[in-house]
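Beneath this line is the structure, given in C-alpha cells, with notes to follow.
Read the numbers this way: they start at 1 and go in the same order the structure lists the ligands and their atoms.
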Amino acid sequence: MTHRRSPLHHSTPLLPSAPLSAIHGAEVWLKMESSQPVGSFKIRGLGRACEEKVSEGASRLVCSSGGNAGYAVAYAARCLGVSSRIIVPRTTPAGMREKIRSEGATVEESGDSWDDAHAHALTLAGEKGSAYLHPFDEPVVWTGHASLVDEIRSSFEGAPPPGAVVVSVGGGGLLCGLLEGLHRVGWNDVPVVATETEGAGSFAKAVASGELVTLPAIESVATTLGARTVCSRALDWCTDHEILPWLVTDRAAVTACCRFLDDHRVLVEPACGAALAAVYETIEPLRGRGPIVVIVCGGAGASRALLRGWQERLGISEESL
Ligand code: PLV
C-alpha cells in the first residue's frame, strides 16, 4: 500500500509522563516522535526535503545515514514513487538495514561512521536524475523538523510555555529545527537542554571551544548520534538562544531506554535514551524547571535483542533498573 499524503509525517501525541513527572517533581511531557511511521522525527524534515527534490524532477534519492534518516528517505521515496539508495556505515545494525530494504531501497555500506558514508554518498549524488539528501545540514530539513514545535505549541494553548525542552543532538538537524520552531511560535526564552552521549559529544565540544570540533572517532552505542562534526548552524544558535549542552554516559542512555520501555511500553534507541536520561538522572540544569518537554526522537534501529546486548555489555543489571 502506498501512502500518498502530503506532508509525509504524522502529528504525534504529546503525552504526560506520570513516572518521569514523579522523578522530576514537576510535569514532564513526551513528544512521541517514536510513533512516526518510520519510528523517528526524521520523516518531518527529510519527508519535506524529498517532496521538494521529487517535485524538481529527481527520480532517485540518495542519502547517507546512521539508519533513521535513510529509513525516512526510503519510506518517502516509496510514497513518492521514486527509487532510493541509502549509504550506511558499518555500525548500522542488520535489522535496520532490513527495514530500509523493505521500503524498496538499495542499501550499501561504506566506512566506520556516518562521516565516511556521507563522503561516499556525495560521489554518487552527481549521477543523472539523482538527488542527495543531507540528513541534518539543510535548511529545508530544519523547517520540516520545526513542525513538531507547532504541534507542541497548540497543545500548550492558554498555558505558560514549557520551562525547558530536552533534545538529543547528532549532527544538530533536530536541534536547529527545534530552535527554528521555538522562535517561530515566540518561545525564544525557553531553554533547551541538548544531550549527547560522551563518545559522540561533538556539539558539547564545539560549544566548549567556541568553534566546530571534529571528533577523531565515535565511541558510543548511540551510533545514530555519531556525526563527528555538528552543522555550523547548530553552534551559531548558541548566540541567539539559551542552549545547555549535556553529556550522559552510554550506561545512562541505555538504562533510560530500559526504564522507558517499562514505564511507557515504547522501545527507543540509545540516541533517544540520551535525552530521557537527563530526566531519569534529574540533571542539575533541569532542577526547579517545569513543565519539561522531552523530544522522544525514537529510532527504529533498536530491538529487544540489541537492548539486551547493550545492557549486558555495559553491566546494567535488572535489579539496578
Ligand atoms: N540520526 C542520523 C545521523 O546518524 C541518521 O542518519 O539517522 N535521534 C535519532 C533516533 C537519530 O537517528 C538522530 C540522527 C538523532 C536523534 C539526532 O539528530 P540530528 O542528527 O538531526 O542531530 C549519524
Side-chain angles (χ1 to χ4, degrees), residues 31-36 38-46 49 62-75 86-93 96-97 99-100 107 110-118 121 133-139 141-146 148 166-180 192 194-197 199-204 206 215 217-218 220-231 233-235 237 243 245 253 256-257 260 266-277 294-302:
K31 182 60 175 163
M32 298 298 286
E33 290 304 293
S34 50
S35 64
Q36 292 289 353
V38 289
S40 81
F41 68 97
K42 291 278 182 183
I43 190 60
R44 291 185 183 268
L46 286 152
V62 179
C63 181
S64 57
S65 172
N68 291 305
Y71 190 21
V73 168
Y75 172 85
I86 313 297
I87 320 300
V88 298
R90 185 182 47 78
T91 47
T92 301
M96 186 56 165
R97 294 177 195 210
K99 283 184 185 161
I100 300 173
V107 178
S110 185
D112 287 336
S113 69
W114 170 81
D115 296 76
D116 301 329
H118 170 63
L133 283 302
H134 195 293
F136 57 81
D137 194 3
E138 184 61 56
V141 170
W142 307 332
T143 301
H145 292 339
L148 67 82
V166 185
V167 67
S168 292
V169 180
L174 177 57
L175 177 68
C176 289
L178 174 71
L179 290 160
E180 182 176 319
V192 170
T195 59
E196 298 166 291
T197 50
S202 44
F203 181 65
L215 304 176
I218 299 300
S220 171
V221 295
T223 50
T224 53
L225 294 188
R228 286 166 51 214
T229 322
V230 292
C231 61
R233 183 70 185 105
L235 184 60
W237 266 113
I243 306 174
C257 294
F260 192 67
V266 174
L267 179 60
V268 296
E269 288 184 17
C272 177
L276 293 166
V294 183
I295 309 300
V296 182
C297 49

**Request:** For the residue pair His134 and His118, categorise the inter-ring angle as parallel (less than 30°), tilted (30 to 60°) or perpendicular (more than 60°).
**Result:**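 His134 vs His118 ring planes: perpendicular.
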**Prompt:** Would a distance-only check, ignoring hydrogens and angles, find a side-chain to backbone donor-acceptor pair under 3.5 Å from Arg44 to Gly144?
**Reply:**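 Not a single qualifying donor-acceptor pair exists.
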**Asked** Ignoring hydrogens and geometry, is there a side-chain-to-backbone donor-acceptor pair from Ser168 to Ala271 under 3.5 Å?
**Response**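 Looks like yes, one N/O pair under 3.5 Å.
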**Prompt:** Asp137 versus Trp142: any side-chain heavy-atom pair under 4.5 Å?
**Reply:**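 SC-SC contact between Asp137 and Trp142 confirmed.
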Could you go through ligand 1 and note, for every N or O atom, any protein N or O atom closer than 3.5 angstrom, writing the atom names and distance to 0.1 Å, or 'none'?
residue	atom	partner	partner atom	Å
ligand 1	1 (N)	Lys42	NZ	3.4
ligand 1	1 (N)	Thr224	O	3.0
ligand 1	4 (O)	Thr224	O	3.1
ligand 1	6 (O)	Ser65	OG	2.7
ligand 1	6 (O)	Gly66	N	2.8
ligand 1	7 (O)	Ser65	OG	3.4
ligand 1	7 (O)	Asn68	N	2.9
ligand 1	7 (O)	Ala69	N	2.8
ligand 1	12 (O)	Asn68	ND2	2.8
ligand 1	20 (O)	Gly171	N	2.8
ligand 1	21 (O)	Gly173	N	2.9
ligand 1	21 (O)	Leu174	N	2.8
ligand 1	22 (O)	Gly170	N	2.7
ligand 1	22 (O)	Gly171	N	3.2
ligand 1	22 (O)	Gly172	N	2.8
ligand 1	22 (O)	Gly173	N	3.4

**Request:** Report the distance from atom NE2 of His145 to atom SG of Cys176, rounding to the nearest 0.5 Å.
**Result:**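 If I round to the nearest 0.5 Å, the distance is 9.0 Å.
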**CE on Met96 to CD on Glu269, rounded to 0.5 Å** =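 Glu269 CD to Met96 CE: 6.0 Å, rounded to 0.5 Å.
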